[in-house]
Amino acid sequence: MGKALDGVRILDFTHVQSGPTCTQLLAWFGADVIKVERSGEGDITRGQLRDIPDVDSLYFTMLNHNKRSVTLDTKSEQGKRVLEKLVKHCDVLVENFAPGALDRMGFTWERIQELNPRMIVASVKGFGPGPYEDCKVYENVAQCAGGSASTTGFDDGPPLVTGAQIGDSGTGLHLALGIVAALYQRKTTGRGQKVLAAMQDGVLNLCRVKLRDQQRLARTHVMKEYPQYPGKFGSAVPRAGNASGGGQPGIIVKCKGWETDPNSYLYFIAQAPVWKAICNVIGKEAWITDPNFATPDARLPRLKEVFAAVEHWTLTKTKFEAMELLNQHDIPCGPILSMEELAAEPSLRATGTVVEVDHPTRGKYLSVGNPIKMSDSPTEVRRSPLLGEHTDEVLAELGLGQSEIHALRAQRVI
Ligand code: CAO
């Protein structure tokens with residue numbers, strides 16, 4: 001079956017996590033992704049957090065599926081000539097170097113346009129134009145600079161970063177959307193364009209509701225669904241712990257076995273339309289008509305009491321038993337699933353969200369497949385390339401003969 005991005009060629013100059021997330025998605029949608037790496041070490045993540053000596057790490061293999069790998073010294077004169085051919089050959093160049101690295105290599109936007117006016121140049125940077133534009137940025141820096149850390153954690157503790165890689169993988173997702181939109185626009189303009197996804201911007205976009213709350217707070221000085229209520233608020237959006245960010249109050253409650261299992265917890269939402277069912281399930285039938293509890297507004301200052309009663313009930317059930325019983329009454333809730341549980345979850349295997357991949361030097365390993373499912377463009381997850389595995393193949397496609405390729409190898413350009 002065909003794929004959505006069949007025929008699109010990507011010059012993949014990405015490394016670490018943010019850029020590779022983007023190009024992996026494009027590869028899953030059918031683009032031919034040619035990853036250009038330094039010979040010798042390649043993408044630094046090949047060797048980071050290794051679990052098997054001398055074998056590409058899971059960090060690398062899980063972010064570089066379905067790509068081809070070419071090694072090329074793009075700072076040497078001959079390497080630059082090969083890179084020029086690649087620029088002419090491809091539709092999109094994706095990079096996430098430190099600011100200015102591509103220019104220092106001699107591949108400015110103007111030079112790329114000269115070589116290929118249809119080329120889309122897509123970049124992840126830490127910050128957009130402004131005081132920090134020259135800074136190098138990693139995941140947690142972006143989470144801190146984009147508003148996530150200041151709004152995550154508990155009121156009486158320090159700012160917290162989250163395990164979800166919203167700065168890296170989140171920005172890679174944003175960039176992928178920009179690239180497909182630019183490819184679509186090119187159909188009418190015939191021109192390429194620059195696409196920039198800054199990590200600070202990507203994180204702030206994902207923290208949109210917190211900027212909403214900042215403005216609510218400035219106007220009303222309290223936010224009734226926050227755990228600080230009815231106490232005092234400061235001038236900036238506070239950390240809300242595990243309280244629900246939406247209009248329906250929610251919290252994490254303990255379940256049977258929490259003393260020994262760190263993930264024996266359930267997220268529980270006291271959704272207003274099912275309040276009667278909640279009261280019946282947790283044995284608080286009197287709260288259905290009690291004016292102190294009967295309406296959402298009346299409950300807001302008493303949420304601690306409400307959730308304590310819920311927890312009193314969940315402590316008698318495992319998280320899965322609680323989930324099943326509550327769902328019988330359409331009460332929204334969710335078990336806290338560990339990575340161990342997710343890795344073994346049959347439904348995620350069945351949909352291809354968790355896949356087993358075979359690798360020539362590592363053997364079988366688990367990966368997260370394409371989370372976006374398309375009915376006419378199914379994803380087949382193929383293993384990541386070995387370093388330089390496709391150098392000869394790609395250079396031949398660029399029109400280089402065997403003797404030229406041998407000479408480049410002898411001079412360590414490839
Ligand atoms: N041949 C020759 N040189 C190459 C090359 C190749 N094939 N590929 C890369 N290089 C060179 C670059 O040109 C650059 O050289 P200069 O510094 O002399 O210009 C050099 O390798 C290092 O690139 P870098 O500065 O991007 O790498 P770093 O390890 O110092 O920084 C990072 C890494 C991630 C902090 C930085 O790239 C960055 O800020 N990127 C943008 C934001 C981003 O994506 N961050 C998230 C990363 S995922 O956690």
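Values reported hereafter were calculated over all heavy atoms of this structure, with side chains retained and with hydrogens, waters and symmetry mates removed.
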Asker: Side chain of S377, backbone of M374: donor and acceptor closer than 3.5 Å?
Answerer: no

Asker: A side-chain contact here means heavy atoms from C-beta on lying under 4.5 Å apart; do V121 and V195 qualify?
Answerer: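 Heavy-atom side-chain distance check fails, nothing below 4.5 Å.
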
Asker: Taking 4.0 angstrom as the limit, do D358 and K364 come out as a salt bridge?
Answerer: yes

Asker: Any side-chain heavy atom of L5 within less than 4.5 Å of one from W28?
Answerer: no

Asker: Take E139 and Q17 through the test side-chain hydrogen bond (donor to acceptor under 3.5 Å, both in side chains) and record every step on the way to the result.
Answerer: CA-CA 9 Å; E139 171 68 48; Q17 186 182 162; 4.8 Å; no

Asker: What is the ring orientation for Y226 with F233, classed by angle as parallel under 30°, tilted 30 to 60°, or perpendicular over 60°?
Answerer: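 Y226 vs F233 ring planes: perpendicular.
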
Asker: Does K85 NZ have over 12 foreign heavy atoms under 6.0 Å away?
Answerer: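 No, not enclosed.
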
Asker: Between L395 and V70, is any pair of side-chain heavy atoms under 4.5 Å apart?
Answerer: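 The answer is yes; the side chains approach within 4.5 Å.
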
Asker: Between E259 and K254, is the salt bridge (Lys or Arg N to Asp or Glu O under 4.0 Å) condition met? List the steps.
Answerer: CA-CA 9 Å; E259 298 90 338; K254 290 172 184 155; over 6 Å; no

Asker: Take R216 and E225 through the salt bridge (Lys or Arg N to Asp or Glu O under 4.0 Å) test and state the conclusion after the steps.
Answerer: CA-CA 12 Å; R216 291 173 58 219; E225 79 283 13; 2.9 Å; yes

Asker: Taking N66 for the side chain and R382 for the main chain, is one N or O donor matched with an acceptor at less than 3.5 Å?
Answerer: yes

Asker: What's the verdict on side-chain hydrogen bond (donor to acceptor under 3.5 Å, both in side chains) for T379 and N370, showing C-alpha distance, side-chain angles and the deciding distance?
Answerer: CA-CA 7 Å; T379 298; N370 191 347; 3.0 Å; yes

Asker: Is the closest basic N to carboxylate O distance between E84 and R81 below 4.0 Å?
Answerer: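 Salt bridge between E84 and R81, a charged N being under 4.0 Å from a carboxylate O: yes.
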
Asker: Answer yes or no: is there a side-chain heavy-atom contact under 4.5 Å between H329 and V274?
Answerer: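 Not touching, per the 4.5 Å side-chain cut-off.
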
Asker: Report, as yes or no, whether the 6.0 Å neighbourhood of atom NZ on K373 holds more than 12 heavy atoms from other residues, nucleotides or ligands.
Answerer: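 Correct, the count exceeds 12.
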
Asker: Tell me, do C255 and T318 make a side-chain contact under 4.5 Å, heavy atoms counted?
Answerer: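 Contact flag for C255/T318 side chains = no.
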
Asker: So that I can tick it off, tell me whether R383 and E389 are bridged by a salt bridge, with the cut-off set at under 4.0 angstrom between side-chain N and carboxylate O.
Answerer: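 Looking at E389 and R383, the cut-off is met.
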
Asker: Is a donor on one side and an acceptor on the other found under 3.5 Å between the side chain of S264 and the backbone of K256?
Answerer: yes

Asker: Taking the side chain from Y267 and the backbone from G250, do they hold a donor-acceptor pair closer than 3.5 Å?
Answerer: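 Yes, the answer is positive, given that a donor and an acceptor are paired below the 3.5 Å cut-off.
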
Asker: Are the side chain of S57 and the backbone N or O of F60 linked by a donor-acceptor pair below 3.5 Å?
Answerer: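 Looks like yes, one N/O pair under 3.5 Å.
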
Asker: May I ask you to say whether D32 pairs ionically with K67, meaning some side-chain N is under 4.0 Å from a carboxylate O?
Answerer: no

Asker: Does D73 reach the side chain of R412, with side-chain heavy atoms less than 4.5 Å apart?
Answerer: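 The answer is no; the side chains never approach within 4.5 Å.
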
Asker: Could you tell me whether the side chain of L11 reaches within less than 4.5 Å of the side chain of I34, counting heavy atoms only?
Answerer: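 SC-SC contact between I34 and L11 ruled out.
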
Asker: Walk me through it: do D156 and R239 pass the test salt bridge (Lys or Arg N to Asp or Glu O under 4.0 Å)?
Answerer: CA-CA 9 Å; D156 55 358; R239 295 187 263 288; over 6 Å; no

Asker: Any donor and acceptor pair, going by atom type alone, linking the side chain of T391 with main-chain N or O of G388 inside 3.5 Å?
Answerer: yes

Asker: To the nearest 0.5 Å, how far apart are CG in L83 and NE2 in H89?
Answerer: 12.5 Å

Asker: Charged N to carboxylate O under 4.0 angstrom, E324 versus K317?
Answerer: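 Looking at E324 and K317, the cut-off is not met.
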
Asker: Crowded around L337 CG? As in, over 12 foreign heavy atoms under 6.0 Å?
Answerer: yes

Asker: As a quick check of understanding, evaluate side-chain hydrogen bond (donor to acceptor under 3.5 Å, both in side chains) for N96 and S18, giving each step before the final call.
Answerer: CA-CA 7 Å; N96 68 312; S18 62; 3.1 Å; yes

Asker: Starting from the C-alpha separation in whole Å, work towards a yes-or-no answer on side-chain hydrogen bond (donor to acceptor under 3.5 Å, both in side chains) for S338 and E340.
Answerer: CA-CA 5 Å; S338 67; E340 187 181 20; 4.6 Å; no

Asker: Under a 3.5 Å distance rule, please check whether Q200 uses its side chain to pair with a backbone N or O of G128 as donor and acceptor.
Answerer: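 Absent.
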
Asker: Can E114 and R111 be said to form a salt bridge (Lys or Arg N to Asp or Glu O under 4.0 Å), step by step?
Answerer: CA-CA 5 Å; E114 250 169 49; R111 176 72 187 126; 2.8 Å; yes

Asker: Indicate yes or no for a side-chain donor-acceptor contact from Q185 to the backbone of G192 under 3.5 Å, with no hydrogens or angles considered.
Answerer: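 Pair absent, no side-chain N/O of Q185 close to backbone of G192.
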
Asker: Would you call W313 and V253 a side-chain contact if the rule is heavy atoms closer than 4.5 Å?
Answerer: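 Not touching, per the 4.5 Å side-chain cut-off.
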
Asker: Can a salt bridge be assigned to the pair K125 and E95 using a cut-off of 4.0 Å between side-chain N and carboxylate O?
Answerer: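 Yes, charged N to carboxylate O under 4.0 Å.
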
Asker: Taking R191's backbone N and O only, do any of them form a donor-acceptor pair with T189's side chain (distance below 3.5 Å, no angle check)?
Answerer: yes

Asker: Could you tell me whether R68 and D12 make a salt bridge, using a distance below 4.0 angstrom between a side-chain N and a carboxylate O?
Answerer: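 The answer is no: the pair does not qualify as a salt bridge.
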
Asker: Tell me whether Q248 contacts the main-chain N or O of I269 through its side chain, where contact means a donor paired with an acceptor under 3.5 Å.
Answerer: no

Asker: Can you confirm whether more than 12 heavy atoms, excluding those of Y365, are under 6.0 Å from its OH atom?
Answerer: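 For Y365, atom OH is crowded (more than 12 foreign heavy atoms under 6.0 Å).
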
Asker: Mark yes or no: R299 above the aromatic ring of W287, with NZ or CZ under 6.0 Å from the six-membered ring centre and no more than 45 degrees from the axis.
Answerer: no

Asker: Is any NZ, NE, NH1 or NH2 atom of the basic residue among D91 and R186 found under 4.0 Å from an Asp or Glu carboxylate oxygen of the other?
Answerer: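 So D91 pairs with R186 through a salt bridge.
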
